[in-house]
There are 2 protein chains.
Amino acid sequence: MQTDGIDKKLLALLQDDSKRTNKELAGKLGLSVTAVYERIRKLERAGVISKYVALVKPEKVDRSFTAFCMIKLVQHTKKNVTGFESQVAKLTEVLEVFHVSGEYDYILKVMVKDMEAYREFMLNKLTALEHIGSTQSTFVINPVKNTTVLSI
Amino acid sequence: MQTDGIDKKLLALLQDDSKRTNKELAGKLGLSVTAVYERIRKLERAGVISKYVALVKPEKVDRSFTAFCMIKLVQHTKKNVTGFESQVAKLTEVLEVFHVSGEYDYILKVMVKDMEAYREFMLNKLTALEHIGSTQSTFVINPVKNTTVLSI
DNA sequence: ATTTTTAGCAGGTATTTTTTCCGCTTATGA
DNA sequence: TCATAAGCGGAAAAAATACCTGCTAAAAAT
């Protein structure tokens with residue numbers, strides 16, 4: 001499918017606040033409510049919009065300690081890779097996992113309550129996984145920006 | 001405010017899919033529609049739920065090339081830091097910016113179309129910023145997990 | 001060049017959902 | 001023990017979504 005300028009604006013608005021009503025969107029876009037409705041349905045069906053979610057403030061639920069954990073595997077067999085990936089993806093403290101180029105194999109973004117919780121996470125959850133060679137942790141001093149918005 | 005077990009379940013459900021109706025939530029939680037409605041309002045007012053957003057699939061809008069960019073500043077004066085932070089936060093290609101401990105000062109998550117777009121971004125946008133000492137880029141080979149859900 | 005087809009949109013309506021109101025019950029504290 | 005407040009359920013009102021019909025303009029076909 002192709003997205004025109006109106007679709008781009010619509011996506012920007014919905015990425016910023018998905019609770020806007022079709023009426024409000026129609027006003028901002030200069031369209032009728034029906035037109036907005038159909039454009040949104042089309043974007044959903046095409047998979048451009050993958051889901052709608054509520055975002056929770058980390059500090060309100062004791063998850064404001066963020067760390068990046070870089071990981072090297074011991075050996076890169078296919079079995080090791082898929083095994084490690086499926087296991088690490090299950091850890092709820094780990095919000096993001098990326099297989100990356102460079103010195104380390106994986107970058108993990110981990111969110112927990114505090115340093116003590118991070119220590120426990122490393123000890124009992126992460127290093128309990130098989131195939132891990134070495135790790136290196138980098139701690140977030142200040143989250144300057146953290147958005148889900150893709151500017152299109 | 002304090003959140004009980006039902007609130008935790010409710011937050012889990014809304015973080016997964018904010019389009020669930022109060023009726024559906026009421027069924028899953030064993031409450032009335034009104035009770036669900038009031039719990040959600042309370043979580044919103046307390047700032048536990050910060051916002052509702054639509055998530056867009058990167059590959060559908062030509063933003064599936066992801067890189068982490070580590071940055072060192074030339075000098076750590078307060079002016080440099082706040083200047084750099086406010087400028088880098090404006091770049092739409094940069095979804096996340098963290099001031100971190102360790103060898104580098106900042107970690108950026110950058111999403112663009114492809115390597116060529118990344119090269120242009122580095123050349124024209126990022127290194128155009130003042131105060132940057134050195135950078136190091138790490139490229140994502142495979143995004144294994146990428147969620148916004150805080151498990152509470 | 002003319003007709004046919006299709007895509008996108010507006011207006012109206014039915015359906016669903018959200019929001020509000022009211023009263024009941026239970027826990028809390030004076 | 002009584003007063004107060006918090007949380008909940010049910011019902012009604014308000015609002016939003018989903019659907020239907022028909023119009024128009026652009027694209028495709030003859």
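What you see is a predicted model, and the numbers here were worked out from it, not measured in a lab. Reminder, nothing fancy here: chain letters follow the sequence lines and each chain counts from 1.
Between the C1' atom of D:dC19 and the CD1 atom of A:I40 lies a distance of 15 Å, rounded to the nearest Å. Between the OH atom of B:Y37 and the C1' atom of D:dA16 there is a distance of 13 Å, rounded to whole Å. What separates NZ of B:K19 from P of C:dT17 is a distance of 13 Å, to the nearest Å. Atom C1' of nucleotide C:dT18 and atom CD of B:E24 are separated by 15 Å, given to the nearest angstrom. Between the C1' atom of D:dT17 and the CZ atom of A:R20 lies a distance of 18 Å, rounded to the nearest Å. Spacing between atom NZ of A:K23 and atom C1' of C:dT17 amounts to 16 Å, rounded to whole angstrom units.
Judged by distance alone, the side chain of A:K109 and the main-chain N or O of A:E96 form no donor-acceptor pair under 3.5 Å.
At a threshold of 4.0 Å, the pair B:D7-B:R39 counts as salt-bridged, since one of the basic side-chain nitrogens sits closer than that to a carboxylate oxygen.
Within the structure, a side-chain polar atom (N or O) of B:R41 is placed less than 4.0 Å from OP1 or OP2 of C:dT20. Contact annotation: B:N22 reaches the phosphate of C:dT18 (side-chain N/O to OP1 or OP2, under 4.0 Å).
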Between protein and nucleotides 6-15 of chain C, what N or O pairs are separated by less than 3.5 Å?
unit_1 : atom_1 : unit_2 : atom_2 : d
C:dG8  : OP1    : A:K42  : NZ     : 3.3
C:dC9  : OP1    : A:R39  : NE     : 3.4
C:dC9  : OP1    : A:R39  : NH2    : 2.8
C:dA10 : OP2    : A:S32  : N      : 2.5
C:dA10 : OP2    : A:S32  : OG     : 2.3
C:dG11 : O6     : A:T34  : OG1    : 2.9

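Judged purely by distance below 3.5 Å, without hydrogens or angles, the side chains of B:H99 and A:N142 never pair a donor atom with an acceptor atom.
Not counting sequence neighbours, the partners of B:Y37 by the side-chain contact (heavy atoms from CB on, under 4.5 Å) test are B:N22, B:R41. Under the side-chain contact (heavy atoms from CB on, under 4.5 Å) criterion, A:L95 pairs with A:M111, B:T147, B:L150, not counting sequence neighbours.
Both A:L108 and A:L73 belong to a single network of hydrophobic side chains, linked directly or stepwise wherever heavy atoms of I, L, V, M, F, W or Y lie under 4.5 Å apart.
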